[in-house]
Novice: 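Questions regarding the structure given below will be posed in turn.
Lettering follows sequence order; numbering is per chain, from 1. When reading the values below, keep in mind they use all heavy atoms of this one structure, side chains included, and skip hydrogens, waters and symmetry mates. Source: prediction; values computed, not measured.
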Number of protein chains: 2
Amino acid sequence: MQRVTIMDVAARAELSPSTVSLYFRKPDAVSAAASQSIARAIKALDYVPNLMAGGLAAASSRVVSIIVPSVRNAFFAETVATMQSELSKQRLQVMLGHTEYSEHDEEDLVRTALSWAPAAIVLTGLSHTAATRKLLRDGKVPVVEIWELGAQPIDMAVGFHHVQVGSAAASHLIQRRRKQLLFLGARLQEDRRAAQRAQGFVETARSVPDVSAGIIQHPAPASADVGAMLLTEALRRFPGVNGIACSNDHIALGAIFECQRLGLAVPERLSVVGFGDLSFSAGCNPSMTTIRPPGDLIGREAARLVIERIAGVDGKTERAVIDTSFSLLHRQSS
Amino acid sequence: MQRVTIMDVAARAELSPSTVSLYFRKPDAVSAAASQSIARAIKALDYVPNLMAGGLAAASSRVVSIIVPSVRNAFFAETVATMQSELSKQRLQVMLGHTEYSEHDEEDLVRTALSWAPAAIVLTGLSHTAATRKLLRDGKVPVVEIWELGAQPIDMAVGFHHVQVGSAAASHLIQRRRKQLLFLGARLQEDRRAAQRAQGFVETARSVPDVSAGIIQHPAPASADVGAMLLTEALRRFPGVNGIACSNDHIALGAIFECQRLGLAVPERLSVVGFGDLSFSAGCNPSMTTIRPPGDLIGREAARLVIERIAGVDGKTERAVIDTSFSLLHRQSS
DNA sequence: TCGGAAAATAATAGCGCTGCGAACGCTGCG
DNA sequence: CGCAGCGTTCGCAGCGCTATTATTTTCCGA
């Protein structure tokens with residue numbers, strides 16, 4: 001599969017393979033003259049280093065394994081894309097894994113990831129199988145858990161408190177004088193974080209006198225269609241509902257569309273709050289009040305932690321936990 | 001970084017390392033008794049194979065490198081997610097790279113990818129630097145180019161003709177008796193494929209008597225905001241425009257929203273066709289006529305080609321080109 | 001009971017690179 | 001003029017696994 005090796009480059013540059021290796025690893029340690037002839041040889045031979053050989057010899061690779069539920073989800077896509085660009089600046093490669101919201105699949109992915117002696121592993125959420133936790137605690141691979149805060153991380157964590165998100169949505173609706181609140185959620189069984197938002201929403205709402213709150217859910221993945229269905233269901237079971245928060249903006253959009261079809265004025269008759277601030281949320285009619293999770297910031301901070309940990313000396317094992325927080329964007333739908 | 005090796009497993013199972021290796025590579029060639037004791041040893045020792053050592057020895061790895069403009073883009077996210085799940089069934093890992101629409105960055109990514117002796121490389125589009133083409137043609141790594149058809153692929157290709165997409169949009173609008181057509185596009189300089197759609201649109205429209213067509217574009221990435229701006233610009237320059245096609249659904253959604261604000265009836269006064277069939281497109285008001293690119297099918301077929309090529313004998317080097325086509329979904333906005 | 005083929009297991013020789021310590025050659029000072 | 005000291009370069013010994021070939025064991029019919 002590979003023809004040109006470091007030996008060929010060395011031969012052509014009339015140096016030893018060790019020096020060529022050094023040229024890649026610590027360019028400053030090689031004299032200018034040597035550097036030049038090595039660079040020339042590389043170009044002439046079209047040499048591509050074999051990173052597997054390097055990784056084997058060094059017992060570590062420049063691979064960062066990122067494991068998310070699915071990159072189909074715009075939240076994680078954002079984070080993965082941001083991390084990728086930050087990491088590639090440091091010549092770190094991204095290996096991607098999808099759990100599809102299964103902790104069991106996640107365990108397999110972690111096991112595979114470990115097979116590559118990665119520079120770091122990035123996981124989504126704080127909930128994992130016992131075996132996963134054991135694998136990661138035993139190994140001395142840096143671990144960053146993203147998109148969730150609130151429990152003890154394995155190593156480092158970057159994210160925010162989803163319970164607080166639900167709470168913020170409820171407070172906002174109550175402030176807008178909404179009394180009968182509902183949380184519309186898709187796939188709350190699988191999506192722990194959406195469930196936390198629902199929980200925070202209901203708890204905060206119920207702590208206020210004269211305010212009622214409940215959860216309406218659907219097992220299918222979030223989409224505008226599901227949002228419309230959930231709104232219909234909500235009105236059927238609680239005709240007086242006047243404030244809803246949704247597990248994400250797709251649901252909220254579907255709910256708003258359904259209100260338009262039914263002739264219910266938003267926000268007069270019904271206030272709607274979403275989660276995500278997706279591409280369409282600011283532009284739709286009425287524009288959507290939503291809570292924006294900082295997906296890019298999470299990616300950037302996670303990348304930073306990884307890079308710093310790699311660069312740092314071994315002793316420097318600070319178990320950073322970064323709260324990126326979130327922001328409620330008050331727009332027309334509430 | 002790694003403690004337990006295949007030797008440890010072998011010692012514990014009272015077999016030779018060779019047999020343990022065989023157990024991983026060709027489980028059927030190992031006796032049931034041996035299999036059992038190996039499995040037991042693996043579990044007891046929590047053995048994680050070192051894939052870099054394996055890859056080095058075998059001169060190939062079970063890594064598939066997927067290079068897309070950005071996974072932030074829902075189209076590519078869909079394809080990447082689908083490929084990932086299909087490939088992981090075959091114990092193939094995905095390594096991800098983002099070009100950000102730069103062919104130069106793509107070249108670096110390909111070079112890096114090659115460093116891992118990947119089982120295959122998946123690229124987006126058919127346009128690459130000369131060096132990229134050379135690297136990929138020289139190596140005997142399977143290459144699949146996705147999301148575009150129309151030029152000579154390096155090896156295999158899965159996608160559709162974007163010129164045909166533009167053409168279909170134009171034909172559809174003309175069939176709806178629209179005569180003054182415009183294509184609203186974001187980032188047409190970088191996004192070759194969007195530019196092809198625009199080109200197909202204009203060419204087809206202009207080939208019909210009494211029909212005029214033009215292109216309005218904006219250098220920013222696609223979003224509903226940009227769509228609204230483009231619509232405003234379109235109406236300013238061509239007040240009589242009554243049919244528009246957009247480079248994607250974000251633009252189309254922004255245009256529809258802007259029409260609502262301006263009190264222009266969609267589709268009566270202005271027909272709108274999008275591209276993408278994104279999550280909100282079926283649910284919005286009016287529901288959006290759009291062209292659906294089969295992102296999941298592209299992913300599935302690309303994965304299939306990769307898997308078949310890997311499984312197949314060396315001689316079997318059929319240079320498959322698969323046209324997944326696309327479908328126009330006629331809804332209320334046209 | 002035995003020979004021979006088939007099945008199962010084992011020994012061997014690297015894969016291409018890194019990390020270490022050692023060796024080299026040069027400078028500049030005593 | 002010699003030698004410490006430094007910046008560079010080199011040689012060696014693996015990293016943990018696979019692929020090939022060699023060897024052993026098992027199975028079977030004659």
Novice: What's the verdict on side-chain hydrogen bond (donor to acceptor under 3.5 Å, both in side chains) for A:Thr79 and A:Trp147, showing C-alpha distance, side-chain angles and the deciding distance?
Specialist: CA-CA 9 Å; A:Thr79 301; A:Trp147 273 92; 2.8 Å; yes

Novice: Between protein and nucleotides 23-27 of chain D, what N or O pairs are separated by less than 3.5 Å?
Specialist:
none

Novice: With nearest nucleotides of DNA chain C determined for B:Glu14 and B:Leu56 from heavy-atom distances, which residue corresponds to the more 5′ nucleotide?
Specialist: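 First, find each residue's nearest nucleotide; the 5'-ward one identifies B:Glu14.
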
Novice: For C:dA11, take OP1 and OP2 only and decide whether either is under 4.0 Å from a side-chain N or O of B:Ser16.
Specialist: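 No.
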
Novice: Across the strands shown, which category fits A:Leu51 at heavy-atom distances under 4.0 angstrom: base, sugar-phosphate, nothing?
Specialist: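 No contact.
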
Novice: To the nearest angstrom, how far is B:Leu22 atom CG from D:dC17 atom P?
Specialist: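 In whole Å, D:dC17 P lies 15 Å from B:Leu22 CG.
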
Novice: Atom CG of B:Asp8 and atom P of D:dG16: how far apart are they, to the nearest Å?
Specialist: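 One finds 9 Å between P of D:dG16 and CG of B:Asp8, rounded.
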
Novice: Would you tell me whether B:Ser21 and B:Arg25 have side-chain atoms, one donor and one acceptor, within less than 3.5 Å of each other?
Specialist: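 On atom types as modelled, these side chains qualify, holding a pair under 3.5 Å.
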
Novice: Heavy atoms under 4.0 Å, any strand shown: does A:Ile6 hit a base, just sugar-phosphate, or nothing?
Specialist: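 Sugar-phosphate, backbone atoms only, no base.
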
Novice: From CZ of A:Phe24 over to C1' of C:dG16, roughly how many Å is that when rounded to an integer?
Specialist: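 Rounded to the whole Å, the gap is 12 Å.
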
Novice: Under 3.5 Å, is there a donor-acceptor pair between the B:Glu106 and B:His128 side chains?
Specialist: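 Their side chains do contain a donor-acceptor pair, which is all the 3.5 Å distance test asks for.
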
Novice: If you only use heavy atoms from C-beta on, which nucleotide in C:dG19, D:dC10, C:dG14 is closest to the side chain of A:Ala58?
Specialist: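 When the side chain of A:Ala58 is considered, C:dG19 is the closest of C:dG19, D:dC10, C:dG14.
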
Novice: In whole Å, what is the span from the NZ atom of A:Lys26 to the C1' atom of D:dG7?
Specialist: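 About 14 Å, once rounded to whole Å.
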
Novice: Under a 4.0 Å N-O cut-off, is there an ion pair linking A:Arg300 with A:Asp296?
Specialist: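 Answer for the salt bridge query: yes.
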
Novice: Is B:Ser21 close enough to D:dT18 that one of its side-chain N or O atoms is under 4.0 Å from OP1 or OP2 there?
Specialist: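 Yes, because at least one side-chain N or O of B:Ser21 sits under 4.0 Å from OP1 or OP2 of D:dT18.
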
Novice: Which comes earlier along DNA chain C counting from the 5' end, the contact point of B:Ser31 or that of B:Ala53, where each point is its nearest nucleotide?
Specialist: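 The residue whose closest nucleotide sits nearer the 5' end is B:Ser31.
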
Novice: Expressed as a whole number of angstroms, how long is the span from B:Trp116:CH2 to C:dC15:C1'?
Specialist: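 Checked: the CH2 to C1' distance equals 15 Å.
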
Novice: Below the 4.0 Å mark, does D:dT8 have OP1 or OP2 next to a side-chain nitrogen or oxygen of A:Thr19?
Specialist: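 No, outside the criterion.
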
Novice: Side chains of A:Thr132 and A:Thr129 only: does a donor on one sit below 3.5 Å from an acceptor on the other?
Specialist: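 A:Thr129 and A:Thr132 do have a side-chain donor-acceptor pair below 3.5 Å.
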
Novice: Hey, is A:Lys134 close enough to B:Asp46 for a salt bridge, meaning N to O under 4.0 Å?
Specialist: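 Looking at A:Lys134 and B:Asp46, the cut-off is met.
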
Novice: Quick one about A:Thr324 and A:Glu301 (side-chain donor to acceptor, distance below 3.5 Å, no hydrogens or angles considered), yes or no?
Specialist: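 Distance-only check fails for A:Glu301 and A:Thr324.
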
Novice: Within this structure, what is the CZ-to-C1' distance between A:Arg3 and C:dC15, rounded to whole angstrom?
Specialist: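 About 13 Å, once rounded to whole Å.
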
Novice: Can you work out whether A:Ala32 or A:Ser18 has the more 5'-proximal nearest nucleotide on DNA chain D?
Specialist: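 Taking each residue's closest nucleotide, the earlier one in sequence belongs to A:Ala32.
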
Novice: Rounded off to whole Å, could you give me the CE-to-C1' distance for the B:Met52 and D:dC15 pair?
Specialist: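 Spelled out: CE on B:Met52 to C1' on D:dC15 is 9 Å.
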
Novice: Does the side chain of A:Tyr47 get closer than 4.0 angstrom to OP1 or OP2 of C:dG16 through an N or O atom?
Specialist: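 So the side chain of A:Tyr47 is outside the cut-off, no N or O lying under 4.0 Å from OP1 or OP2 of C:dG16.
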
Novice: Do A:Ser16 and A:Thr19 have side-chain N/O donor and acceptor atoms under 3.5 Å apart?
Specialist: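 Distance-only check passes for A:Ser16 and A:Thr19.
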
Novice: Output the rounded distance in Å from CE (B:Met7) to P (D:dC17).
Specialist: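 In whole Å, D:dC17 P and B:Met7 CE are 9 Å from each other.
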
Novice: Counting only Watson-Crick pairs (N1-N3 plus N6-O4 or O6-N4) and G-U wobbles (N1-O2, O6-N3), all under 3.5 Å, who is the partner of D:dT26?
Specialist: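 Across any shown strand, D:dT26 pairs with C:dA5.
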
